2 protein chains.
Amino acid sequence: MDYSAEEITKSLKAKGLRVTPQRFAIYANLLSRADHPTVEQLLEDLNQDFPIASLATIYSSLQVLKEVGLVQAVLVEEGVARYHAQMETHYHFHCSVCGAIEDIPSGQLAPISLKQLRPGLKPESYDITIRGVCDRCQ
Amino acid sequence: MDYSAEEITKSLKAKGLRVTPQRFAIYANLLSRADHPTVEQLLEDLNQDFPIASLATIYSSLQVLKEVGLVQAVLVEEGVARYHAQMETHYHFHCSVCGAIEDIPSGQLAPISLKQLRPGLKPESYDITIRGVCDRCQ
DNA sequence: CTTTGTGCAAACGATTTGCAGGATG
DNA sequence: CATCCTGCAAATCGTTTGCACAAAG
């Protein structure tokens, strides 16, 4: 779960992206954390010590990273998008008390069979959100 | 799938809600349709012939209806909430082309086993969103 | 050097809120 | 008639956009 600067740079270049300090920092930050921060949280975290990236830049970088498939947006709460760089198949647990999101490895849930969907629907992917209460909140 | 005015009124009263023309119209409208309209779409539909409810009223009514468990918000797209009054367990198919949402009866998907979740997480419910292309869009 | 990215501020769209008047039980 | 609801407008919040300047390859 640790990534070197070279690996990160390589990933970005492999997708045809210019490597800027801002993009690097944003992607590296997402890779380094397991929570699923909002843009606001990324902004704070990144600029904690000294300014690295502006709000607008974070938004546009995330959009680009999303387009090339390096990050994903997660929609579990109304109003805010949350992001992560975990691209392997997995699901989400969403604590209804504190709002935390935890990844559920796909191995922990039996795969869903889509065979009984009515003909005509061409499924491409699916996501599962489990809602409940996490340990800290009980 | 058809509901009489009395049934609707009864449902609202059973939840301890005052029955106003606006609430009645909003809830009845949601019960009568299978798509999952946004607030904007509800506004247009409801006020087509003559004014029934304002934007603010629709928002507040939906919030109340949601709180008492008569309607649900569906989060499949960034930025907008969509609503429906189908409260039995079911899942969603979301067409990535036209954006349509179609209900998938729970019988069509084998139930998920949550037993392998790590201890500490107390699951209460889950929802599944299948993404793909619907027949109209192929 | 050409192309693409950054940052600021203004613009936007969805949702919320404050408040005065109106309707419900 | 006390309480709760409605509608308007203003306020808020997340996100997007236009544009001048700066940096990347």
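Computed from a predicted model, the values in this text were never measured in an experiment.
Here the side chain of Y59(A) is nearest to one of dA14(C), dT6(C), dT15(D), namely dT15(D). Closest contact between the side chain of V19(B) and the listed nucleotides dT16(C), dG25(C), dG7(C) involves dG25(C). Of the candidates dG7(D), dT16(C), dA14(C), the closest approach to any side-chain atom of S54(B) belongs to dG7(D). Of the listed nucleotides (dT15(C), dT6(D), dT6(C)), dT6(C) has the atom at the smallest distance from the side chain of T57(A). Of the candidate nucleotides dT6(D), dT6(C), dG25(D), dT6(D) has the atom lying nearest to any side-chain atom of S60(B). Closest contact between the side chain of E40(B) and the listed nucleotides dA14(C), dT6(C), dT16(D) involves dA14(C). Which of dT6(C), dT24(C), dT17(C) sits closest to the side chain of T20(B) comes down to dT24(C). Among dG14(D), dA9(D), dA9(C), the nucleotide with an atom closest to any side-chain atom of A56(B) is dA9(D). Side-chain atoms of L55(A) lie closest to dT15(D) of the nucleotides dT6(D), dT6(C), dT15(D). Checked against dG7(D), dG7(C), dG25(C), the side chain of R18(B) finds its nearest nucleotide in dG25(C).
Protein atom NZ of K13(A) is 15 Å distant from nucleotide atom C1' of dT4(C), rounded to whole Å. One interatomic measurement links the two molecules: CZ of R23(A) to C1' of dG25(D), which rounds to 13 Å at whole-angstrom precision. For Q41(A) and dG14(D), the CD to P distance is 11 Å, given to the nearest whole Å. The distance from atom CD of E77(B) to atom C1' of dT15(D) is 16 Å, rounded to the nearest whole Å. Rounded to whole angstrom, the span from the CD atom of Q22(A) across to the P atom of dT4(C) amounts to 17 Å. Rounded to a whole Å, the CD1 atom of I52(A) is 15 Å from the C1' atom of dG7(C). When the C1' atom of dA23(D) is taken as reference, atom CG of L17(A) falls 16 Å away, rounded to whole Å. Rounded to an integer number of Å, the gap from F24(B) CZ to dT6(D) C1' is 18 Å.
Each of P21(A) and A81(B) has a nearest nucleotide on DNA chain C; the 5'-most of these lies closest to P21(A). With the nearest nucleotide of DNA chain D identified for both P51(B) and E78(B), P51(B) has the one nearer the 5' end.
No contact: I58(B) has no heavy atom under 4.0 Å from any strand. If you check every strand for non-hydrogen atoms under 4.0 Å, T38(A) touches nothing.
Aromatic ring orientation, H36(B) versus H90(B): tilted (interplanar angle from 30° to 60°).
Crowding of E88(B) atom CD: a count of heavy atoms from other residues, nucleotides or ligands under 6.0 Å not exceeding 12. At most 12 heavy atoms of other shown residues, nucleotides or ligands fall within 6.0 angstrom of atom NZ in K10(B).
If you check the side chains of S60(A) and T57(A), you find no donor sitting under 3.5 Å from an acceptor.
Remark: T20(A) OG1 to I52(A) CD1 distance equals 11.0 Å, nearest 0.5 Å. From I58(B), atom CD1 reaches atom CG of L42(B) across 6.0 Å, with rounding to the nearest 0.5 Å.
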